[in-house]
**Student:** 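Could you have a look at this structure, given as structure tokens, before my questions?
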Amino acid sequence: FELLNIEYFMSDDRRLPKRSPKRKLSSEASTLKRSRVNSAVVSIDDVGALGEGGGNTLIERLEILQQELHRSAEPTELVGRSAERQIIFDFWRECLTSKRSGSLYLSGVPGTGKTALVNETRRALLSGERAVPEASLSAVVSVNCMKLSSPTHLFTEILDQLKASGVVTHPTAHVSHKENLSVLEALLREQSHMVVIVADEIDQLHQKNELILYQLFELATKPDNHCILIAIANRLDFTSTLLDRLHNRGCEPQTVHFPSYSRDQLMDIVQERLDRALCLPTGEMLDVFDSKAVRLCAARVSNVVGDARRALDVCAEAVARLQERIRNAEAIGKAALPSKVTVADINAVTKGGSLQSTSVLQSLPLHQQLLVCAILLLQSGSSSSSSSTNRRSTALSSAHKSKSVGANDPTASQAFELTAVRGQYSNLCRRNRLKALPNATMQTSLDALAGNGVISMSRNRSKVVVSLLATKESIQEAYEDNRLLKTVLESLN
């Protein structure tokens, strides 16, 4: 079926499950009566019965909802990652209790819950029913490798954090990378308790200094080192390349892959945030978000990026539209205020291909990025090109174009045969002194791009054609800081 067919969402009367709220917002007295006895949902019009002093006015409640939908808000429990949660917890607990070094590698595109689940596991190990006594005795260091000014500062940053926690007493400033590594290895051997290193965005190290990346994994391989490494990466081709080389060095980690979120998982993630924000003191749920709107948001995001953060962004923007309508209605003295976030709000927020995340474009391997640039260059030159290939390939049916959220955008309306894409990509590689991928590998790369919602591939008669779903603006923004790709795209300006 077509994910963008609105009739599907309007005709599907399957209701979202109503969950018990994860926490009570208040226990103050209330005279609200349930408007729907069976579903324990109250209308937006009943909120005023609480009075302005109770902190539960409509605007205040929508502000709470905006806070819960923000990317930085920590979920009570990450939804849709039970298998991954168990693997991470068991690995971490086993290494702590047995005082055994080890490394765990988490891979997946941005927004799939990797870092959030590590943070949740850390909290679970320190407190609650599943807490491990050894967890409180260990030192945990968290480093985002993207924020390092240079890869050589990695071990300096680890030592600085250990110093701040009291594990290290001697200064570490103005010491060479090699000396810092030696100091850190000696420290890990001397420790009676485990040191946990959480290294996020480690694909940044691979791009700048491979040796440091291998040295990091080797820290958690040597049996005398009391070190646990949890490494997180986003790049899609990084796993196979890295694991092969780590295997040759004898320090291959345990791996966990985080697939993109499905529609149902995104629905659950959004609904969990709604439950937390819209629970009234009586335990009833305030009805301000149409369940069909939640379903549409989840379907569109899963069809393009599968990024939970983007689904929350879409819902937050839709709530902002509702707040604006309420303010406008109050300004002109309307008695009946807008009631809820609707399918129309989600449609307005997601139109024009705005779902394509720059983080996904940035996380692609170099040759996939070059393929994206090649298609964009073909697209930008197609209007003035007299090439018969381009003229034939732009006649893509509306059925093909409706496969993506970006299909309504002008930049997503042109399709190109594989021969044209291959030729443009090969020219880019030649001009930049890069070795082009073989045809079979290039096809695999195009399949990966299609799987991540960056392009669409369809058959036009007997030939396969490729359409770009990401907008020109999102591609230029994503590659603004990449010298090679920025140079490639300069002709567009």
Side-chain angles (χ1 to χ4, degrees), residues 109-110 145-152 201-210 213 233-238 241 305 353-354 356-387 389-390 393-394 406 409-439 441-446 448-450 452-455 466-493:
V109 296
C145 299
M146 182 177 285
K147 296 180 179 179
L148 297 174
S149 56
S150 168
T152 57
E201 310 275 5
I202 63 165
D203 29 350
Q204 298 300 313
L205 298 178
H206 184 263
Q207 292 177 354
K208 299 174 181 177
N209 195 321
E210 276 190 24
L213 180 61
N234 293 326
R235 275 184 56 191
L236 303 177
D237 71 334
F238 187 58
T241 304
V305 289
S354 62
Q356 187 53 267
S357 171
T358 57
S359 61
V360 172
L361 293 166
Q362 290 169 341
S363 71
L364 297 172
L366 174 60
H367 283 272
Q368 288 186 28
Q369 292 174 336
L370 286 170
L371 282 165
V372 171
C373 293
I375 300 170
L376 180 57
L377 290 171
L378 281 173
Q379 183 173 272
S380 300
S382 64
S383 58
S384 60
S385 172
S386 60
S387 163
T389 298
N390 284 347
S393 62
T394 54
D409 188 80
T411 65
S413 61
Q414 299 163 341
F416 304 91
E417 294 175 5
L418 283 180
T419 52
V421 174
R422 185 178 296 113
Q424 182 72 13
Y425 160 73
S426 298
N427 288 337
L428 290 181
C429 290
R430 192 179 307 111
R431 288 203 300 266
N432 291 281
R433 298 181 179 180
L434 295 171
K435 184 177 180 181
L437 298 174
N439 289 347
T441 308
M442 193 196 82
Q443 182 62 56
T444 301
S445 295
L446 289 171
L449 288 172
N452 282 281
V454 179
I455 65 171
V466 178
S467 299
L468 188 61
L469 303 182
T471 64
K472 171 184 173 182
E473 291 73 18
S474 66
I475 294 170
Q476 289 179 313
E477 180 185 351
Y479 301 149
E480 175 67 25
D481 296 327
N482 187 310
R483 185 180 302 175
L484 169 63
L485 300 178
K486 185 178 180 181
T487 302
V488 166
L489 297 174
E490 278 180 351
S491 61
L492 298 174
N493 300 323

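We're numbering straight along the sequence, starting at 1. Because only heavy atoms are used, hydrogens play no part in the values below, and waters and symmetry mates are left out as well, while side chains stay in.
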**Student:** Measuring from atom CZ of Arg431 to atom OG1 of Thr487, what distance do you get when rounded to the nearest 0.5 angstrom?
**Tutor:**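 Rounded to the nearest 0.5 Å, the CZ-OG1 separation comes to 11.0 Å.
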**Student:** Does the side chain of Ile475 reach to within under 4.5 Å of the side chain of Leu485, using non-hydrogen atoms?
**Tutor:**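 A side-chain contact under 4.5 Å is absent here.
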**Student:** Could you pull out all residues at least two apart from Lys147 that satisfy salt bridge (Lys or Arg N to Asp or Glu O under 4.0 Å)?
**Tutor:**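 Residues passing salt bridge (Lys or Arg N to Asp or Glu O under 4.0 Å) with Lys147: none at all.
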**Student:** side-chain hydrogen bond (donor to acceptor under 3.5 Å, both in side chains) with Asn439: which residues, sequence neighbours excluded?
**Tutor:**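 Expected list: Arg422.
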**Student:** Quick one: CG on Leu468 to CG on Leu376, what's the gap to the nearest 0.5 Å?
**Tutor:**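 Reported to 0.5 Å precision, the distance equals 6.0 Å.
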**Student:** Would you say Leu371 and Val454 make side-chain contact, with heavy atoms under 4.5 Å?
**Tutor:**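 The answer is no, as the side chains (C-beta and beyond) never meet within the 4.5 Å cut-off.
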**Student:** Determine whether Glu201 and Asp203 satisfy the following criterion, side-chain contact (heavy atoms from CB on, under 4.5 Å), listing intermediate values before the conclusion.
**Tutor:** CA-CA 5 Å; Glu201 310 275 5; Asp203 29 350; 4.2 Å; yes
**Student:** Please report the shortest heavy-atom distance between Met442 and Tyr425, naming the atom on each side.
**Tutor:**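 Distance-wise, the nearest heavy atoms are SD-CD2, 3.9 Å.
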**Student:** Who are the side-chain contact (heavy atoms from CB on, under 4.5 Å) partners of Arg433, not counting sequence neighbours?
**Tutor:**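 Arg433: no side-chain contact (heavy atoms from CB on, under 4.5 Å) contacts found.
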**Student:** Applying side chain to side chain contact (heavy atoms under 4.5 Å, CB included) between Leu370 and each of Ser445, Cys429, Ser426, report the one that passes.
**Tutor:**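 When side chain to side chain contact (heavy atoms under 4.5 Å, CB included) is applied between Leu370 and each of Ser445, Cys429, Ser426, only Cys429 qualifies.
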**Student:** To the nearest 0.5 Å, what is the distance between CD (Gln476) and OG1 (Thr471)?
**Tutor:**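 Reported value, rounded in 0.5 Å steps: 9.0 Å.
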**Student:** Is there a side-chain contact (heavy atoms from CB on, under 4.5 Å) between Gln443 and Leu418? Walk through the geometry before answering.
**Tutor:** CA-CA 9 Å; Gln443 182 62 56; Leu418 283 180; 3.5 Å; yes
**Student:** Look up atom CG in Leu489 and atom NZ in Lys472, then write down how far apart they are to the nearest 0.5 Å.
**Tutor:**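 Those atoms lie 9.5 Å apart.
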**Student:** For the atom pair CG (Leu378) and CD (Gln414), what is the distance rounded to the nearest 0.5 Å?
**Tutor:**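 Rounded to the nearest 0.5 Å, the CG-CD separation comes out at 10.0 Å.
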**Student:** To the nearest 0.5 Å, how far apart are NE2 in His367 and CG in Leu434?
**Tutor:**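 His367 atom NE2 to Leu434 atom CG measures 5.5 Å (nearest 0.5 Å).
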**Student:** Provide the closest heavy-atom pair for Ser474 versus Leu361 in the form atom of the first, atom of the second, distance.
**Tutor:**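 Between these two residues, the closest heavy atoms are O-CD1, 3.6 Å.
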**Student:** I'd like to know if the side chain of Gln369 reaches the main chain of Leu364, judged simply by a donor and an acceptor atom lying under 3.5 Å from each other, with no hydrogens or angles considered.
**Tutor:**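 The answer is yes, because a donor-acceptor pair under 3.5 Å joins these two groups.
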